[in-house]
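Take a look at the structure set out below.
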Amino acid sequence: MDIAVSVKNVCKNFMLGEEEVKVLKELTFDIKKGEFVSLMGPSGSGKSTLLYLIGGLDEPTMGQILVNNKELKTMKDLEESIMRRRELGFVFQFYNLIPNLNVEDNIMLPILLDGKNPKKYEKDLNDILKLVGLEDRRYHTPRELSGGQQQRVAIARALINDPDIIMADEPIGNLDSVTGTEIMELFKRINVEKNKTIIQVTHSENAAKYGNRIIRLKDGRIL
Amino acid sequence: MRRRGESRSIMGILLKFTMRNIKEHKFRTFLIILSIALSVMLFFASFSISDALSAMFMENIKTFIGTSEVAVYAGPMSESGLVTLKDLGEDADRFEYQIGSVDYSVKYQKKDKSKADIHLRGFSLEDLAKINPITLVDPGDVENNFSGKTAIISADFAEENHLQVGDSMKFIFSEDDTKVFRVGAIGENRGYFKKSFMSDGETVNMIIPIKTAQNFMETKSAYQLIYLKTADEKNIEQDLEFLQTLYKGDYVEKTITKGEIDAQIRPIRVPFLFMLTLVVLISVFIIYTSFKVIMLERLPILGTFRSIGATKRMTNTIMIVECFLYGMIGSVAGTILGTFALSMVMKVMVSSFGGDVTLDYPQVNLLYAFLFGITLSTISAIIPIAKTTKIPVKEILLNIVEGTKRKRPYLRFIIAFLFIIAAYALPKVLSTGMMAAASGGLSIVCAIVAAICFIPYLSDMLLTVSERLFGALFGNIGRIALKNLKGNKSTYDNVILLVIGLTSIVTISVLGDAMERETLAYFDAMHYDVSVTLYGGTQTSVQRVLTVKGIDDIINYEESWGGYKINGEERSFVSSAYGANDAQFFDYFQVDVLDTEDDEAIYEKLLNGRNMILSTKVQEKYGLTLDQEVHLETEAGNKDYRIIGFFNESKSAGMSMITSGKNVRHDTKNYDKISLAIRVQPGVDPDMVVSGIEQKASQLPYYRVDTLKQLRADYLQENQMIVTVLGIFSAATAFIGSIGVMNNFMVSFLSRRKSFAILTSVGMSRKQRKKLIWIEAAAAGFIGSIFGLVTGFIIIKMVGVLLEKIGASISLMLTPMIVVGAIVGAVSVCLLASVSVARQSSGISVLEELKYE
Ligand SMILES: Nc1ncnc2c1ncn2[C@@H]1O[C@H](COP(=O)(O)OP(=O)(O)OP(=O)(O)O)[C@@H](O)[C@H]1O
Ligand SMILES: [Mg+2]
């Protein structure tokens, strides 16, 4: 089976003033294509840090990370950006939408950044809006949406470029349980129907159940 | 007791916190203080300029007439050209003094054989002390003995020519009459000895004993001029009447009074006040937006303070103290800058004439300027402070202030429409005299405010429209850039700042352009070489002028400004009326009467009763037709004028109405002013002719002889100086605006760091981010310049109407230069402002921005 993400001997240290904090300590693991993995662990254990390292938004202090068999460290900024546009989709706890762009524009950002003609993606956009259930909200701005709706927009944005891997940092951490369940159902469908690899960080055992594998971190090590 | 101690310590902490905050935002603090300071500076300068100018003019006029208010000189029937002093009798106490004087224009032969123009003024020392006191720096012994061929000279002249008391000076009275004078004393460069910009700084006054001056004449007890000063200026009209009966047959005329100078100078205030309003607008805007940001920033911390026991009063006090502090520092700096600015403005204004600057203004203006600064900053800051403090602590702590919904979205529209109505209605309601100027100015300000109210809506519209353009030019990043700008408060703020800045620059440069164009056209239409005006001259004087060598041809004409009024209306029918005494007039002034070829014929017609030829502009203004009769009010009563033709004024030296010389002379009762236009023979230097005429005219009380070339240069220079000064003011406005724009870019960058991080997470490369920043800047500048030009265009139109109303109509238009300049300028300012943003953007920690709310 193909490997989507390969983490080898990854260490991450932060400088806190004079002191060096070792957050991730020699992590090694693989995630296969089509897997739905949940990263769990106590607060401060380094889950988010690990996720952003995989997404290339930060660099490991030591070790190798391969995404779709490409090593992040050797990539230039442009290559990395292109990979983020085409092969990765991010979903965050606080949605992170651009506040003055409407739903449609927010979703289309990766397409626009890729220099593609947004007209050609009309159909994909409609399909995704239908999938996340926001067809009637496409001209609203994030301010006019509820938290759950905003998170759907973020998910739609993560899907628009048809990436292989979707990464989510506590996607339902800010939502009530009913909405949270809806979002998890959505992730599950995306995982099963579209065969996307999903890596989510979560504190909820319940949410983790939607996935098919759990990686538990504690003190920067895998349990 | 404890509570008080406690609250004091909280105040202490609050104060410390505020100070630290100010330190952390040095640039913003600097910006706020700078905009206050510049506003105060402009306020002071424009407020004091008319006082200062009038004081300076007064000072300069003293070099001609001292403190006198009335001058008496020989009437047309006098053979000697002299007057004898008459006893005022019982009415002596109506006057402070009555002083006789005799003047001579002579040449002084310098050591290097070159010649200087000298005006010898005959006075007794006692009279001199009354009319124009001079402090002697080297008194010699004139105080005991001021007689014979003795002259008091100025310190400047003494220094220039290395003269000391006791030295002798050779004066050339005429070709065969040279007299040697002794330097009797040297006086301070004041009064008659001040270098006046009005006399080109060339003619030098000297004082000689009156008896000596009289001795040179045949009638030894007579004078050339008699000067009087009234005891009370208010009664001057009666006093003039009294003097006219006393001095029957002689000319009795008011010299220039302070009131008249003030009235003359008042119009200069108008453009400065216009600039001032723009500066105030831009400052209010900058202070207001800055305080909004400050409040937003402080909000969570102020909330925390409130939660631990600081009262609302304390937090308010702290904020108000802060803005008061800014106001104080800014006002002090501004007042100091203002005195510098004023002296610079005066220097620029005077430099074109040559002469000394005196800076004199009411000290209380300094206080006004200071109070103005404090008020300006407090009022602009108070709204954001008040708005914020209304927010309950709970909401601040829960951080739900952000994302305020748009309440009352129509309020802006309503305000905007009110201002539009005001801008439209004001000039209609108040349309007479000085009120017209005031209401016109106010309506311009209203129009600008209305434009500002509309800017958010118009910006969004223009952004939507130009999205395609930018998409085509810069691809998808261009599109994202414009989408980002839309609905963005900081975009509006930038556009507004650019609009105010550009409006001021555009308006001033258009005015400057137009003034220069008009001046050039005015002089282009004059087909002659030398212009002569003789006051108190007679036909004999004209005959004398004619004997000057080098004159080829000469015409005599009449000229009257504002002499004709249309019956029942306050304003003039035409701004300038000319009287032709010769068919050649039409050739000299390039007047092409429509539908006529024959100048002689139309001139003959003019001579026949009260006929006039009007400019097509006047024709259009009043809807007049050929042969129509117009009832006009003149100094000499009501007259009916028949229109016998029209001419296109755009080529004809700014004339509005032409009739016969006789008519103008009678209607305006203008008997003692003679205007001559002279063509010189080919190959003759007009300057030679000028000095020839000056020699011949030297007995006249007042005359002007200039070459057209000189007049044209003087006029251009005069325009130049006003335009330069206003240009400096408008540049200052635009400068404040630009700094405001830079500040906005920085502030908005802080709030946009998160957006940049988000864009990075969805795949924006560093290069794309840079591109986005630059395109956004360029687009903001572009939109700002478009609206700036549109607003400027509207303002220009309004200024045009206003000028028309106060009788100075010039055609104003946007030149391609100004349009391109505005766009390039605005875009450059925004790009420049983005340099630091682009630099900082590489330092964004994507993780930090994304992980936390
Ligand atoms: N930029 C940074 N500088 C210094 N230390 C950091 C930085 N980012 C994270 N850390 C530290 O690394 C550790 C792990 O942080 P991380 O955000 O990955 O934890 P987490 O497992 O996601 O926790 P939570 O469940 O609370 O989100 C923490 O102790 C944090 O203080
Ligand atoms: Mg985390």
Side-chain angles (χ1 to χ4, degrees), chain A residues 14 47-49 51-53 55-59 76-102 104-118 141-144 154 157-158 160-161 163 167 169-170 173-174 201, chain B residues 399-400 402-406 456 460 463-464 467-468 470-472 474-492 748 751-772 776 842 844-853:
Chain A
F14 284 112
K47 309 179 292 290
S48 297
T49 306
L51 195 72
Y52 290 123
L53 286 179
L57 291 173
D58 202 355
E59 283 173 21
K76 298 227 170 60
D77 172 62
L78 181 62
E79 293 171 279
E80 232 179 73
S81 299
I82 290 173
M83 188 190 79
R84 272 201 293 281
R85 276 174 225 161
R86 299 181 186 167
E87 298 170 35
L88 301 177
F90 275 100
V91 177
F92 306 93
Q93 180 179 358
F94 298 106
Y95 329 126
N96 283 339
L97 303 174
I98 309 264
N100 53 326
L101 296 189
N102 65 25
E104 196 180 290
D105 289 337
N106 260 298
I107 296 175
M108 292 302 266
L109 277 175
I111 298 288
L112 288 171
L113 289 175
D114 216 8
K116 293 173 187 154
N117 186 349
T141 55
R143 241 181 247 128
E144 299 156 341
R157 183 178 64 192
I160 188 73
N161 248 339
M167 289 184 281
D169 192 357
E170 300 188 39
N174 224 19
V201 171
Chain B
N399 202 9
I400 47 179
E402 193 67 62
T404 40
K405 344 111 208 132
R406 277 249 180 97
D460 279 1
L463 282 164
T464 313
E467 205 177 301
R468 271 170 190 279
F470 275 76
F474 304 108
N476 287 341
I477 298 289
R479 261 183 219 128
I480 296 176
L482 286 225
K483 282 183 204 289
N484 268 341
L485 290 176
K486 229 188 300 177
N488 192 328
K489 260 207 150 115
S490 114
T491 310
Y492 307 149
S748 79
S751 64
R752 290 203 45 218
R753 269 155 56 163
K754 185 159 198 140
S755 288
F756 284 131
I758 297 169
L759 287 166
T760 308
S761 80
V762 297
M764 173 174 271
S765 67
R766 252 175 245 147
K767 217 167 135 192
Q768 283 177 318
R769 183 162 65 201
K770 290 253 153 80
K771 196 173 160 190
L772 181 75
E776 277 187 23
S842 41
I844 295 176
S845 159
V846 181
L847 258 78
E848 294 299 302
E849 300 296 333
L850 294 179
K851 272 205 300 197
Y852 311 104
E853 178 71 319

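Convention: sequence-line order gives letters A, B, ...; per-chain numbering from 1. Excluded from the calculations below are hydrogen atoms, water molecules and symmetry mates; all remaining heavy atoms, backbone and side chain alike, are included.
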Given a strict heavy-atom distance threshold of 4.5 Å, which part of B/Arg479 is in contact with chain A: side chain, backbone, both, or neither?
-> side chain

Atom of A/Leu113, atom of B/Gly763 and distance for their closest heavy-atom approach = CD1-C, 3.9 Å

Sequence-distant partners of B/Lys483, side-chain hydrogen bond (donor to acceptor under 3.5 Å, both in side chains), two or more places apart = A/Asp105, B/Glu467

More than 12 heavy atoms of other groups within 6.0 Å of A/Glu59 CD = no

Measure the spacing between OG of B/Ser761 and CE of A/Met167 and express it to the nearest 0.5 Å.
-> 9.5 Å

Not counting sequence neighbours, which residues clear salt bridge (charged side-chain N to carboxylate O under 4.0 Å, His left out) with A/Glu104? List them please.
-> A/Arg138

Which atoms of A/Pro118 come close to chain B, meaning under 4.5 Å heavy atom to heavy atom: side chain ones, backbone ones, both, or neither?
-> side chain

Using non-hydrogen atoms and a 4.5 Å limit, figure out which bit of A/Lys116 sits close to chain B: side chain, backbone, both or neither.
-> backbone

In this structure, CZ of B/Arg766 is separated from CD of A/Glu80 (nearest 0.5 Å) by 8.0 Å

Pick whichever of A/Leu97, A/Asp77, A/Leu109 has the most heavy-atom pairs under 4.5 Å with chain B.
-> A/Asp77

Partners meeting side-chain hydrogen bond (donor to acceptor under 3.5 Å, both in side chains) with B/Thr760 (sequence neighbours left out) | B/Arg769

Among residues 82-91 of chain A, residues within the sub-4.5 Å heavy-atom range of chain B, in order of number, are A/Arg84, A/Arg85, A/Phe90

Contacting moiety of B/Leu759, where chain A heavy atoms sit under 4.5 Å = both

Heavy-atom check, side chain of A/Leu112 versus side chain of B/Ile477, under 4.5 Å = no

Between OG on residue B/Ser765 and CG on residue A/Leu78, distance to nearest 0.5 Å = 5.0 Å

Between the main-chain N or O of B/Lys486 and the side-chain N or O of A/Asn100, is there a donor-acceptor pair closer than 3.5 Å?
-> yes

Does the side chain of B/Asn476 come within less than 4.5 Å of A/Ile111's, by heavy atoms?
-> no

What part of A/Leu101 is in contact with chain B, defined as an atom under 4.5 angstrom from a non-hydrogen atom: side chain, backbone, both or neither?
-> side chain

